[in-house]
Amino acid sequence: MEISTIINLILFDFLSSINSLLIYGLTIIWASFTFPLLNPNFAFPQILINGQIPPLNPLYYKSESSIYIINAQIGMDFAVNINYLILNYIVSPSISIFIIFSGFYYLWKKQFIFHERNDYLFNIVLGIILAYFSLIISDLLFSLLRAIYIYFYSGMQINWSGTPNPYQGITDLELWPFNYFLNSYIYFAYTENNLLELLILLTLFTVVLAFTIVLVMRIVWIYFFIMFLPLFSIFLTFNGTYEIGKRMWLTFIDRSIEIIFMAPLIMLMGIIQDPLFWIAILLVSMLIPYVVTFSMSSMGYPTGYPLFPRFGILLKAKDVISNGIEMIGSLVLF
């Protein structure tokens with residue numbers, strides 16, 4: 001046997017072993033971390049329990065749900081209680097003082113009706129309402145989004161005659177990628193050797209890991225916004241901070257709703273059995289928060305493009321291209 005053949009066999013076995021490890025690692029990450037984070041109870045933990053502020057004692061949980069779902073609810077309970085403390089001990093006294101001084105100021109100046117902006121009073125009322133009812137508004141929002149998300153999670157109950165299961169949804173992906181890789185449902189038809197297969201599996205492993213981090217950071221951002229929504233609402237009452245308060249509220253909506261846009265794409269992973277397609281789907285899912293957004297910012301900071309979705313970026317690119325064409329045209333004519 002030639003030395004080159006021996007080397008190729010050793011290399012083939014080595015790459016096969018690495019690929020098997022990647023498949024097992026991918027299966028463990030998905031089953032133990034990623035898939036539990038896609039559960040509706042993790043994606044949308046309850047903000048109010050029967051319309052009341054939940055206690056901080058986690059002992060009332062008697063569910064057999066995963067530890068991630070339980071921790072998500074405990075984290076939400078903590079955020080809600082912090083919201084209550086900020087509202088009662090910081091925001092509420094500030095609102096009272098602000099209204100008293102504003103009343104004296106406008107009575108003294110006698111300019112409230114004649115010289116002030118017409119929408120200033122509206123901003124004050126809006127800020128106060130959002131501050132005091134932030135938890136109720138958030139709970140109603142989560143209830144609506146949870147119902148929409150469960151619709152995709154359960155598979156939309158589509159009836160068809162083909163495969164896979166006609167009720168294919170996110171909930172049916174629990175054993176992905178075990179069913180498709182370890183049970184030999186996937187065949188790398190476009191690979192001639194294990195090296196290209198290794199690159200595909202390594203990319204898929206990295207993308208799944210990144211997608212898991214995105215899901216975790218989404219819920220962490222939601223906790224943050226739930227805690228400080230009353231404070232952000234007060235920003236709406238001042239001209240100098242109005243834009244920040246508006247962006248923060250809209251970013252809270254962004255972080256809440258983004259998984260709704262991800263859900264239909266994730267469902268397709270169980271229908272189209274191709275690793276390259278899975279990589280594309282997960283990448284697009286991670287880009288959705290930066291494309292479909294009300295706040296025009298991933299972190300809630302003000303930007304200069306007040307359109308939905310981010311058509312402002314496209315308009316700016318159009319201007320750059322137009323200027324470039326004009327410059328090239330002028331050089332050619334010259």
Side-chain angles (χ1 to χ4, degrees), residues 15 18-39 42-43 148-149 151-156 158 160 162-219 254-255 257-293 298 308-311 313-314 317:
L15 292 177
I18 297 297
N19 291 344
S20 298
L21 289 176
L22 284 174
I23 292 174
Y24 277 106
L26 185 62
T27 302
I28 292 173
I29 290 178
W30 179 268
S32 302
F33 299 98
T34 314
F35 183 77
L37 303 185
L38 291 172
N39 188 287
F42 178 90
I148 298 174
Y149 181 70
Y151 181 68
F152 293 108
Y153 188 81
S154 61
M156 300 192 299
I158 296 177
W160 61 353
T163 56
N165 191 303
Y167 303 112
Q168 182 76 44
I170 296 177
T171 184
D172 297 297
L173 294 175
E174 182 175 6
L175 297 179
W176 181 95
F178 178 83
N179 280 345
Y180 296 112
F181 282 116
L182 300 185
N183 289 339
S184 302
Y185 290 163
I186 284 297
Y187 172 63
F188 289 86
Y190 36 75
T191 62
E192 297 180 356
N193 53 62
N194 284 348
L195 180 59
L196 184 55
E197 182 178 332
L198 171 65
L199 295 177
I200 295 173
L201 288 174
L202 186 60
T203 303
L204 183 61
F205 180 89
T206 304
V207 171
V208 169
L209 188 60
F211 181 69
T212 305
I213 295 174
V214 168
L215 294 178
V216 173
M217 290 307 301
R218 171 187 171 271
I219 198 68
D254 288 342
R255 298 288 78 81
I257 202 173
E258 65 189 28
I259 199 169
I260 301 296
F261 294 98
M262 295 178 180
L265 297 175
I266 299 172
M267 280 180 53
L268 296 176
M269 293 176 62
I271 299 175
I272 302 178
Q273 303 174 12
D274 185 279
L276 290 178
F277 177 81
W278 295 335
I279 293 172
I281 285 296
L282 291 173
L283 287 175
V284 173
S285 298
M286 287 188 288
L287 288 176
I288 280 179
Y290 300 94
V291 178
V292 180
T293 173
S298 60
F308 172 79
R310 295 191 175 188
F311 293 131
I313 296 177
L314 300 179

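All values reported here derive from a predicted model rather than from experimental measurement.
Residues Ile259 and Ala43 come closest through the heavy atom pair CD1-CB, 3.8 Å. Nearest heavy atoms, Ile200 versus Pro275: CG2-CB, 3.8 Å. Here the closest heavy-atom approach between residue Leu199 and residue Thr203 is recorded as O-OG1, 2.8 Å. The shortest non-hydrogen separation linking Ile260 to Tyr149 is CD1-CB, 3.5 Å. Of all heavy-atom pairs between Ile288 and Glu258, the closest is CG2-O, 4.1 Å. The minimum heavy-atom distance between Ile266 and Leu173, with the atom names listed, is O-CD1, 3.3 Å.
Once rounded to the nearest 0.5 Å, the distance linking CZ of Phe211 with CE of Met286 reads 7.5 Å. The distance from atom CD1 of Ile28 to atom OG1 of Thr34, rounded to the nearest 0.5 Å, is 12.0 Å. For the atom pair Asp274 CG and Leu268 CG, the distance stands at 12.5 Å (nearest 0.5 Å). Note that CG of Leu265 and CZ of Phe152 are 9.5 Å apart. Values are rounded to the nearest 0.5 Å. Note that the CD1 atom of Ile148 and the CD1 atom of Ile257 stand 7.0 Å from one another [nearest 0.5 Å]. One finds the CZ atom of Phe277 at 10.0 Å from the CG atom of Leu282 (value rounded to the nearest 0.5 Å).
Looking only at side-chain heavy atoms (C-beta outward), Phe33 and Leu215 stay at 4.5 Å or farther from each other. Taking the side chain as every heavy atom from C-beta outward, Trp278 and Val207 never approach each other to under 4.5 Å. Between Asn39 and Tyr153, some side-chain heavy-atom pair lies under the 4.5 Å cut-off. With contacts defined as side-chain heavy-atom distances shorter than 4.5 Å, the pair Ile219/Leu37 does not qualify.
Side chain of Arg218 to backbone of Arg255: a donor-acceptor contact under 3.5 angstrom is found.
Under the ring-ring contact (aromatic ring centres under 6.0 Å, His included) criterion, Phe42 pairs with no residue, sequence neighbours left out.
Using cut-offs of 30° and 60° on the angle between ring planes, the pair Trp30 and Trp176 is perpendicular.
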